[in-house]
Amino acid sequence: MLASAARTASVASATFANIQGHRGIQIVIDATAAADTPSVVFTLQGYSGTGDDYYTILASVAITGTGTTVLRVYPGLTGANNTIANDVLPAQWRVNAVAGDSDSLTYSVAAILLP
């Protein structure tokens, strides 16, 4: 979804179509380098074709250093703040990464679609 790169600004992935009807997703965020005090919040968003806008399904806590963070969305899961949502993957979706400051965080974002 997003290749590993040092980023200092907000970025959104492409909008993906759930053409195979997957019910859930795991978003894997791998932060490998941090300069100073970065702060990035990753949000899984669904696309609303009727309103031509995006809505939040699940948002991470602010990532401020290196490590791996996994966000999970699937029907029937027990929800947990900022990590797990009891929801379904919509027809169109993306990941939005919002930088809280201009400090660099090197990260990649991958998706694992769940049947």
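Starting from 1, each residue takes its place in the sequence as its number.
Neither I112 nor L58 shares a network with the other; the hydrophobic side chains, linked directly or stepwise wherever heavy atoms of I, L, V, M, F, W or Y lie under 4.5 Å apart, form separate groups for each. V88 is not connected to V95 by any chain of hydrophobic side-chain contacts under 4.5 Å among Ile, Leu, Val, Met, Phe, Trp and Tyr, and they are in different clusters. Under a hydrophobic clustering in which Ile, Leu, Val, Met, Phe, Trp and Tyr are joined whenever their side-chain heavy atoms come within less than 4.5 Å, directly or via other members, I63 and V28 fall into different clusters. The same ILVMFWY cluster, assembled from side-chain heavy atoms under 4.5 Å apart, contains both L44 and V11. V70 and V40 fall into different hydrophobic clusters, where Ile, Leu, Val, Met, Phe, Trp and Tyr residues are linked whenever their side-chain heavy atoms come under 4.5 Å apart, directly or through other members.
With hydrogens and angles disregarded, no donor-acceptor distance shorter than 3.5 Å links the side chain of S60 to the backbone of N82.
To the nearest 0.5 Å, the span separating CH2 on W93 from NE2 on H22 amounts to 10.0 Å. A distance of 11.0 Å separates CD1 in I57 from CG in L71, rounded to the nearest 0.5 Å. Going from atom CG of L114 over to atom CZ of R72 covers 9.5 Å, rounded to the nearest 0.5 Å. Taken from OG in S13 to CG in N96, the straight-line distance is 8.0 Å, to the nearest 0.5 Å. We find the CG-CD1 distance between L89 and I25 to be 5.0 Å, quoted to the nearest 0.5 Å. If you take CZ on R7 and OG on S102, they are separated by 16.0 Å, rounding to the nearest 0.5 Å.
With no hydrogens or angles considered, no side-chain donor-acceptor pair links D87 and Y74 at under 3.5 Å. D103 and T37 are linked by a side-chain donor-acceptor pair at a separation below 3.5 angstrom, with hydrogens and angles left out of the test. Remark: the T68 side chain and the D30 side chain contain an N/O donor-acceptor pair separated by less than 3.5 Å.
Counting non-hydrogen atoms of other residues, nucleotides and ligands closer than 6.0 Å to CG of D53 gives a total above 12.
When all heavy atoms of P90 and Y55 are compared, the closest pair comes out as CB-OH, 3.4 Å. In terms of heavy atoms, S4 sits closest to T32 at OG-OG1, 4.4 Å. Closest approach of S10 to A99, counting heavy atoms only: OG-N, 3.0 Å. Here the shortest heavy-atom pairing between A59 and T43 reads CB-OG1, 3.8 Å. In plain terms, the two heavy atoms of A34 and G65 that are nearest each other are CB-CA, 4.1 Å. Shortest non-hydrogen contact noted between M1 and A110 is SD-C, 4.1 Å.
In this structure, Y107 has its ring center closer than 6.0 angstrom to the ring center of F42.
A cation-pi arrangement is present between R94 and Y54 under the rule of less than 6.0 angstrom and at most 45 degrees off the ring axis.
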